[in-house]
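To start, the structure itself, in structure tokens.
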There are 2 protein chains.
Amino acid sequence: MADNAGWTAAAATDPQLACPTSGVVDIVFSRWTTPILWTLNTHGRLRFVELERLIGTITPKVLTQRLRQLERDGMVVRTYHPEVPPRVEYEISELGRSLAPLFAHLAEWAAANLDKVEQARHDYDTDTPR
Amino acid sequence: MADNAGWTAAAATDPQLACPTSGVVDIVFSRWTTPILWTLNTHGRLRFVELERLIGTITPKVLTQRLRQLERDGMVVRTYHPEVPPRVEYEISELGRSLAPLFAHLAEWAAANLDKVEQARHDYDTDTPR
DNA sequence: TATAGTAGGTACCTAGAGGAAAGCGACTAT
DNA sequence: ATAGTCGCTTTCCTCTAGGTACCTACTATA
């Protein structure tokens, strides 16, 4: 798979999924998963409301859904304390933490190139006779 | 930005967007953009129908939409030849090609860890009293 | 008494993404 | 005369992610 600089020729062999990274993208980059993983990694172990407040705009329903999915995928570990009031803690797993260099790479690319994207958008919007 | 192992503390300062990579994710990892970029990079310059056939499951309407978006973001270069029948060619831009190591990193992580995700899902589904 | 906090679950609703299918304009090949 | 090619565009339809609002049981606090 990683036999060359990254872009393999596997796309030619699989017409259905022309991109060998699509499986990862669904797991890691579906909506809300990156902010959740990022927050859990920067702040360590967090309770539900803490996570909710740090992310700021997510609704509890969606947060629950995404946390369940991330737990099922082994990216997040959930610890339930049967107290009153109930206490639940979430932390990033070893598998989730292994994404750190990837996210670093992504943030690096963003810092270096996001303004180029902005520039390209501006050029497109002004030059193209919409 | 890249002052530590990758996960910066920027999340704490921005409650609205708790993840500094969210901007990139919308550009690079929104639906269909990864297969398109991947195919354009592996096959070089391609015509509309060629792209359509290589991806296989995308509809022309969606392909047009994504190509316009990628063109506006400066990731793809579109060349129109006013012939009959019309001929249009798409190729990946320099900016788009700069994503190659990132995609390589992603494919590498996938090759190393996708089976762990599968295992975690299986464990979750069998252990959890759904 | 009543309110707040905790970790969600549930029912309902809407907006938007995406799929299916047809068309179009200008020409060519059969 | 008919069908086909190319790169879309348009219309219609469906599906679902996500938002809003309200609910639980139990306790501590005012």
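Here is the naming used below: chain letters follow the sequence lines, and residue numbers restart at 1 for every chain. All heavy atoms count here, side chains included; hydrogens, waters and symmetry mates do not.
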At their closest point, which heavy atom of G74(A) faces which heavy atom of S93(A), and how far apart are they? O-OG, 2.6 Å
Distance check: side-chain N/O of Y90(B) vs OP1/OP2 of dC6(D), anything under 4.0 Å? no
Round to a whole Å and report the spacing from CG of L46(B) to C1' of dG7(D). 15 Å
Contacts of T64(B) and P86(A) projected onto DNA chain D by closest heavy atom; the upstream (5') one is T64(B)
Using 30° and 60° as the class limits, which term best fits the ring planes of F29(B) and F103(B): parallel, tilted or perpendicular? parallel
Result for 5'-nearest mapping on DNA chain C, choosing between P60(A) and T59(B), is P60(A)
So, OP1 or OP2 of dC6(D): does either fall under 4.0 Å of a side-chain N or O from R47(B)? no
Between R47(B) and E89(B), does any side-chain N to carboxylate O distance fall below 4.0 Å? no
For atom CZ of R66(B) and atom P of dT9(D), their distance in whole Å: 14 Å
dG9(C) phosphate, OP1 or OP2: any side-chain N/O from R68(A) under 4.0 angstrom? yes
Within the structure, does a side-chain N or O atom of R78(B) lie under 4.0 Å from either OP1 or OP2 of dG7(D)? no
Could you state the interatomic distance from CD1 (I55(A)) to OG1 (T59(A)), rounded to the nearest 0.5 Å? 10.5 Å
Using whole Å, what does the distance between atom P of nucleotide dG8(C) and atom CG of L67(A) come to? 8 Å
Is there a side-chain polar atom (N or O) of R31(A) under 4.0 Å from OP1 or OP2 of dG18(D)? yes
Rounded interatomic separation in angstrom, taking CG from L63(B) and C1' from dC6(D): 13 Å
Search all heavy atoms of V28(B) against all heavy atoms of T33(B) and return the closest pair with its distance. O-OG1, 2.6 Å
Write down the distance between CD (Q65(A)) and P (dG8(C)), rounded to a whole number of angstrom. 13 Å
Winner on side-chain proximity to V49(B), out of dG19(C), dG18(D), dC6(D), is dC6(D)
Presence of donor-acceptor pair under 3.5 Å, side chain of K61(A) and base of dG19(D): yes
To the nearest Å, give me how far apart CD (E83(B)) and P (dC8(D)) are. 14 Å
Could you check how far CZ of R53(A) sits from C1' of dA7(C), rounded to whole Å? 12 Å
Check the phosphate of dC8(D) against R87(B), side-chain N and O only, distance under 4.0 Å to OP1 or OP2. Yes or no? no
Could you state the CD-P distance from E50(A) to dT6(C), rounded to the nearest angstrom? 9 Å
